[in-house]
Amino acid sequence: MITAQSLELTYPETDYPALADVDLQLNAGEVLGVVGPMGAGKTTLCMSLAGLVPRTTGGESGGDLEVVDLDPRQAPVSEVAQRIGLVFEDYASQLTQITMLSEVMAPMLNHDVPVKQAEAEARRLLGELGLAGLDLEHKRTWELSGGQQQRVAIAAALAANPQVLILDNITGLLDPDGKEEIRSLVSQLSHRMTLVVVEQDIDLLVGVADQLLMLREGEVSALGPAGELLRDLAALDDAQVEPPVVVQVAQAAGLPDNPLTIEELTSAVQPPAALDPATAAGPESMEPAPGVQAPEPVDRPAESGTRPAEPGDRPKAVAIDGVSFAYKDGTTAVQDVALQVARGEVHAIVGGNGAGKSTLLRMLCGLVRPSSGTVVMDGQDTRECSPAELARSVGTALQNPDEQITERTVRQEIGDALHRRRKRRAGWFKREVVISDEQISDAVDRAVELVGLPPELMDQDPTHLSRGHRKLVAIAGALVLDPAVLILDEPRVSLDAPARAALRRLLHQLRDRGTAVVIVEHDLDLVAETADRVTLLDLGRVVASGSPHDVFGARGAEALAKTSLRPPRAAQVAAPFGVDAITVAELATQLYPVKQEV
Amino acid sequence: MRVPLLYTEKNSFLHRRDPRIKLLLFAVVIIFLYTAPNWQWMLAASVLGLALSIAARVPPLVLLILWLLQLPNFIGLVAIPLGQELLADDFTPFDGDLTFGLRLGLAWSAALFLSMALLSTMSPDKITDGMRGLKIPEPLCFLVGYSFLLMYASMSDIFRTIDAMKLKGIELTIRRPIESITNMAKLFVPAVIIMARRAGTMMSTLQLRGFSFTHRPATTLGAVGVADVALLVAGVGGLAVAALVRFAPAVLGL
């Protein structure tokens, strides 16, 4: 169904290939998972398979390529469109119609499907993707949340009934339920079409992908059966990809083999309750295998498994009291929310798509004033200052970094907030320098080091960087003023494994520096590993709050089950063993390898 | 912040009319603006347009803001020449025919109110379907529909970018107008970059969704009703009478 031999692509005005010497073969009905770090060439591969590069981007392509019996680079667009579908990572830019229903009907109408049939099929597809509850005929596409836009784009791609469907990193903005729906959808689709699935979340490929392609710097670093490569630590490490969570648990627990699924893990380990001295290897064998790095320990102020230390007498950097917000049409987005964040605390606000997280975030940074209640950030009531004034002590990195980038180099962009405050008025016609160039340079260097941005990027145009790097630039820009409060909106989206590790380190360092950090996130793995406290929102209300264990562990299971969130992956792996663990490190300390019979 | 839309989602008499009829009436309005015999006709059209806009349930505040935006035209065409005529006897704008300026000035108001009454009662999908129903070439229909989408999507981007700029510490508030106007330039880079990024993905998406720009059926059209026909007849009749009043004397040598 897909054959590539020595496939190459070089974009215009670059002297290095974005793809080089790519060989792959995929049979009908197979699922190819594609992983790799930022800038590895994953999107370029997707666009090549769909015939969009070099057709729409320019550049030169070499080698042989055949997808559904045609070379998509040469074939007429109309033929390609009938055989190949592609869903992009950029969710907003792939919506071409005004309303949800017309968006999904459009590809069918373009292929002469009768109107009534197209409408019925569009409604079915949107329902299948969990959007049936919305006003499909009138809801405008640009008013949808990122997760909803992504689902509409998937439905529109499916509407054309392609033989090959390419999904380019499409789950980043979906909540856990949404991700699981996509995983289930991919499983169903694999019976009737060939799929290429690019994913940062490698766990979504477990049990779904038949083959795995690892890319690095435009070249194939590994290609083979997914069941083998997903547990091949050396190959995963070479492609800078985090292993699936079960593999991480197995490694941390010192298992000699790498089970990939919970079922495989079940037969290899047992929890302490089931520990039988005759069959268990015991704690002495829990050292990780040679050459394997155990997960970073969770470094929180209090031991996991019990409540973490209350913020107590630490000064509060964020105080939200009885906050509600309703839109002009009467829709209530947030209702009676109260929470506090102390200095040196990492506080996660979690919830599914539409839980009210974004509205609460906009209230925290002063963009929206509450209908009732108060939001006090670093001692400033958000009703009494502008967002720009608040930005002096509250740094914010938004979900989409492109909305914040204005400068021509990475260095200038990160230092922008300081440059604008470099001088202050000292009389009618006089301004004095209050921040020197050296101070700005030092602050920029510190911020860059904190976020782990490669120094060689400093003189590059930030708009030309990969999305993950642009995100790190935005976070560094928010940190350069050394804010008392840092707000991060979905920080993990678009980041590869090294950048995610850098993000975890950053959060630990900020805690040590006494910065209050508020993360708005639906990736509960990151939250479980890094947050001190969690507030769980559903339909605009706080349904649970406390330590990650309170919310994600056994105690919070009931509240969590009512939302569209699922426990962190480690907790899901732990559940069959009856172990209350929410991170890989915790789980690994509670599972013991079963002694092998000799 | 929600993007302001041209379409008002209500269920008025005008909303229920067939989009083909409303598009034809829109063409009639444009011809009328060049045909109306004098400023009294234009004033009548303005009043009719205002009444229809109110009947179409366009928010009065929106009408007022839009009218105020074109007020400088009215002042430039009518008030300034009129004032100069009163103050300086030897100044004769429009060759001494100030009613021409008045007709032109009122034409802006008539165009505004009548357009709002017709276009605000059609969603972009209905406008493009109406165009398809009138057998207008598909590329033009697509262009109109896509322009609406791009306009609204770009406005949505700009609103989000304004918020992001505020979070970078850039003042963009009415409280500090001069600083805010200076800072508007900061919006340029992110807005252009977002739109440029959007363009590439949009082009790719359009290709893969099979947009051929040659043929596309209308999805929202029903049968033309009696009320639709009556409305069209009234509009065409009004235009015919205006044309007669204006051109008949010259043609007939009266």
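Letters A, B, ... mirror the listed sequences (proteins, then strands); counts begin at 1.
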Is atom [atom1] of [X] surrounded by more than 12 heavy atoms (other residues, nucleotides or ligands) closer than 6.0 Å?
X       : atom1 : answer
M155(B) : CE    : yes
Y7(B)   : OH    : yes
R369(A) : CZ    : yes

Open item on the list: If we count only N and O atoms by modelled type, under 3.5 Å, do the side chains of S386(A) and K166(B) hold a donor and an acceptor together?
Closed with: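 Not at all, the side chains of S386(A) and K166(B) share no donor-acceptor pair under 3.5 Å.
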Task: Matching residue for Q94(A) among L208(B), T205(B), L206(B) - test: side chain to side chain contact (heavy atoms under 4.5 Å, CB included) - done: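 Of all the options given, the one that passes is T205(B).
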If we only count heavy atoms from C-beta on, is the [X] to [Y] side-chain gap below 4.5 Å?
X       : Y       : result
W142(A) : D157(B) : no
V80(A)  : Q207(B) : no
L52(A)  : S204(B) : yes

With respect to chain B, which residue among [options] yields the maximal number of heavy-atom pairs within a distance under 4.5 Å?
options                          : value
R83(A), R392(A), R140(A)         : R140(A)
P387(A), G477(A), A474(A)        : P387(A)
L109(A), T56(A), T396(A)         : L109(A)
Q97(A), H111(A), Q82(A)          : Q97(A)
A157(A), G395(A), C365(A)        : C365(A)
P114(A), A50(A), S78(A), A156(A) : A156(A)

- [ ] Say whether, by atom type as modelled, one donor and one acceptor occur between the side chain of D125(B) and the main chain of I98(A) under 3.5 angstrom.
- [x]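 No, because the side chain of D125(B) does not come within donor-acceptor range (under 3.5 Å) of the backbone of I98(A).
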Against chain A, label [X] side chain, backbone, both or neither, depending on which of its atoms sit under 4.5 Å from a heavy atom there.
X       : answer
M203(B) : side chain
F211(B) : both
L150(B) : neither

Chain B heavy atoms under 4.5 Å from [X]: which part of the residue, side chain, backbone, both or neither?
X       : value
A153(A) : both
E389(A) : both
M108(A) : neither
T141(A) : side chain
I487(A) : neither

Looking at every non-hydrogen atom in both residues, tell me the closest pair between [X] and [Y] and how far apart they are.
X       : Y       : result
T161(B) : E403(A) : CG2-O, 3.7 Å
R421(A) : G169(B) : NH2-CA, 3.7 Å
R209(B) : N110(A) : O-ND2, 3.0 Å

- [ ] Determine, stepwise, if the pair L398(A) / R160(B) fulfils side chain to side chain contact (heavy atoms under 4.5 Å, CB included).
- [x] CA-CA 10 Å; L398(A) 295 174; R160(B) 280 202 305 274; over 6 Å; no
Task: Atom pair NZ/CD1 of K168(B) and I405(A) - distance to nearest 0.5 Å - done: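 Here the interatomic distance stands at 8.0 Å.
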